[in-house]
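Presented below is the structure to which this report refers.
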Amino acid sequence: MSRQRVAVRERAALVGLVPGSKQRLAAERSLEELAGLAQAAGADVVLRVLQERPKPDPSTFLGSGKIKTLAASCAETRTDVVVFDNELTPAQLRQIEAEVQCKIIDRTQLILDIFARRARTREGKLQVELAQLQYLLPRLVGAGAALSRLGGGIGTRGPGETKLETDRRRIRTRIHAVSQDIDQVRKRRAQLRERRHKASVPTVALVGYTNAGKTTLFNVLTKAGAEASNALFVTLDPLIRQVRLPDNRALLVSDTVGFIDRLPHALVAAFRATLEAVAEADLILHVIDASAPDRDRRMDAVRQVLEEVGASEVAMIEVYNKCDALTVDERRRLQALDPAALCISALDGDGIDDLVETVTSRVALDVRRMTLTFDPGNPADQERMARVYRHARVLVHESRDGRVSIVADVPRRLAAAMNLATA
């Protein structure tokens, strides 16, 4: 009988900084989010440390006294890895590791690790690898034997070249190769977007903080079976599906990677090819976890990433999900705060009809009412008539004297692409 191998979960300690007493609550929430990230990476949190000081110590981040206390606590709790809720400098990483005597990583490295675990497609793996390499390059100094797999072998070193220089050269070469592959991905995506523009199919992009319920909503709208889970960063690879609106028009809905506060810039840059789809969308649905205690902070984090990828000017509807977790009073306060807010529950379907109706009306704003005539015996006219029925809202259809007359609300892009003329 074969024994199944059980993955051993690491024991993690979390460390955060409180810049001032007034910011303790925000620091505690940030550390709670870090705990969720650590669990998503396969670790059990056994220790949490919050140090109050105005700014990080340049050498050990926490200060010499606190770092000794941390080392003793880690030894007592048999900690395998210490995760800092801030980005550490290469010098801080080396000094803390020497003091604490166990593996040290920061928030950025933890997020990169989760992305690496969740990437499934070649495109997703390329984007994560690029971000990891860009993060690793400035941190090679002092890494020593841990990077020995990157060097060695005949022909890898120039005259007098050190192992560190060889590692840097190999990483830069790999960064260049991966960047070229991602550029090819970007070009293919641009071609696909251009094709969709020519077909005049409107695109709606779902964005939101990680674990806000985007994929659950995506499945409800598109009847797709994408993996949805109460976990962070489940969706890395973009998904696009067609949705048929009540007025019989079609649109495309895309699900994107979830955002998070202080999302590493290397990741935003690496996933730019994916996130460009958001900037090119006709409409953005910002999915918000209405039950999150730090909802405003999460909304700001999403807006910041949208600005980074050039999507801040795209028309947007804010959709408050998980409203089933709110009390009646909380829901009333939310409506008073934002009268245009759409309160839904993607899990039980509450408010989905209102959402679809709102999307339909917003997408329908850019239309022209036209009277069109077709020759039903002409194959080209048959094709144009079929496209009108697919993408426009037909109000009147009449057949007279061998000709078909249609009155329809036609998207302007469709009218331009098909060179439709009024009768």
Side-chain angles (χ1 to χ4, degrees), residues 188-208 212-226 228 235 237-257 274-288 306 309-311 313-321 340 342 344 346 349 351-370 372 383-395 406-418 420:
R188 283 198 300 274
R189 287 198 176 281
Q191 288 169 353
L192 289 172
R193 281 198 303 272
E194 184 62 29
R195 202 176 301 165
R196 287 196 293 269
H197 276 304
K198 286 181 179 176
S200 297
V201 182
T203 304
V204 175
L206 298 180
V207 303
K214 296 187 312 302
T215 302
T216 304
L217 178 58
F218 177 81
N219 287 338
V220 170
L221 293 174
T222 65
K223 309 295 188 290
T235 303
D237 303 305
L239 300 168
I240 299 178
R241 295 288 185 275
Q242 189 179 80
V243 172
R244 185 67 62 176
L245 295 172
D247 62 9
N248 208 36
R249 284 181 301 143
L251 58 79
L252 294 174
V253 176
S254 67
D255 190 13
T256 57
V257 62
T274 300
L275 295 173
E276 278 175 356
V278 178
E280 295 288 332
D282 296 283
L283 182 66
I284 291 175
L285 295 186
H286 178 186
V287 184
I288 302 158
L306 289 176
V309 299
E313 299 301 317
V314 180
M316 185 167 68
I317 298 174
E318 293 188 331
V319 181
Y320 291 85
N321 190 27
L342 285 171
I344 70 162
I352 297 298
D353 289 343
D354 286 342
L355 173 60
V356 172
E357 188 178 326
T358 303
V359 170
T360 303
S361 63
R362 290 292 293 270
V363 172
L365 288 177
D366 192 24
V367 296
R368 235 177 107 195
R369 181 156 297 184
M370 305 177 73
L372 310 165
E383 184 184 338
R384 280 197 291 269
M385 197 159 39
R387 288 181 68 183
V388 168
Y389 265 90
R390 276 200 306 271
H391 305 301
R393 185 182 182 188
V394 176
L395 304 172
I406 292 176
V407 178
D409 288 335
V410 183
R412 292 184 189 278
R413 284 190 309 183
L414 179 66
M418 294 178 58
L420 294 174

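Keep in mind that the numbers below use all heavy atoms, side chains included, and drop hydrogens, waters and symmetry copies.
For the pair Asn321 and Leu217, the minimum side-chain heavy-atom distance is 4.5 Å or more. Between Leu252 and Val243 there is no side-chain heavy-atom pair separated by less than 4.5 Å. Under the 4.5 Å side-chain criterion, counting only non-hydrogen atoms from C-beta, Tyr320 is not in contact with Ile344. Looking only at side-chain heavy atoms (C-beta outward), Ile406 and Leu395 stay at 4.5 Å or farther from each other.
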*What's the verdict on side-chain contact (heavy atoms from CB on, under 4.5 Å) for Arg244 and Leu251, showing C-alpha distance, side-chain angles and the deciding distance?*
CA-CA 7 Å; Arg244 185 67 62 176; Leu251 58 79; over 6 Å; no
*List the steps and the verdict of side-chain contact (heavy atoms from CB on, under 4.5 Å) for Val407 and Met370.*
CA-CA 6 Å; Val407 178; Met370 305 177 73; over 6 Å; no
*Where do Val253 and Ile240 land on the side-chain contact (heavy atoms from CB on, under 4.5 Å) test, with the steps shown first?*
CA-CA 6 Å; Val253 176; Ile240 299 178; over 6 Å; no
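When each of Val314, Thr203, Ile317 is checked for a side-chain contact (heavy atoms from CB on, under 4.5 Å) with Leu283, only Ile317 meets the rule. Between Leu206 and the options Val278, Leu285, Thr215, Ile284, a side-chain contact (heavy atoms from CB on, under 4.5 Å) holds for only Leu285.
To the nearest 0.5 Å, atoms CD (Gln242) and NZ (Lys223) are separated by 13.0 Å. Distance check: Glu357 CD to Leu342 CG gives 10.0 Å after rounding to the nearest 0.5 Å.
Closest heavy-atom contact between Asp282 and Ala315: O-CB, 4.1 Å. Of all the heavy atoms in Ala279 and Gly310, the pair that sits closest is CB-O, 3.7 Å. Gly208 and Lys214 get closest at one heavy-atom pair: N-CD, 3.3 Å. In plain terms, the two heavy atoms of Asp255 and Phe218 that are nearest each other are CB-CD1, 3.7 Å. In terms of heavy-atom proximity, Ala212 sits nearest to Val287 at CB-O, 3.5 Å. Shown here for Ala346 and Val220, the closest heavy-atom pair between the two residues is O-CG2, 3.3 Å.
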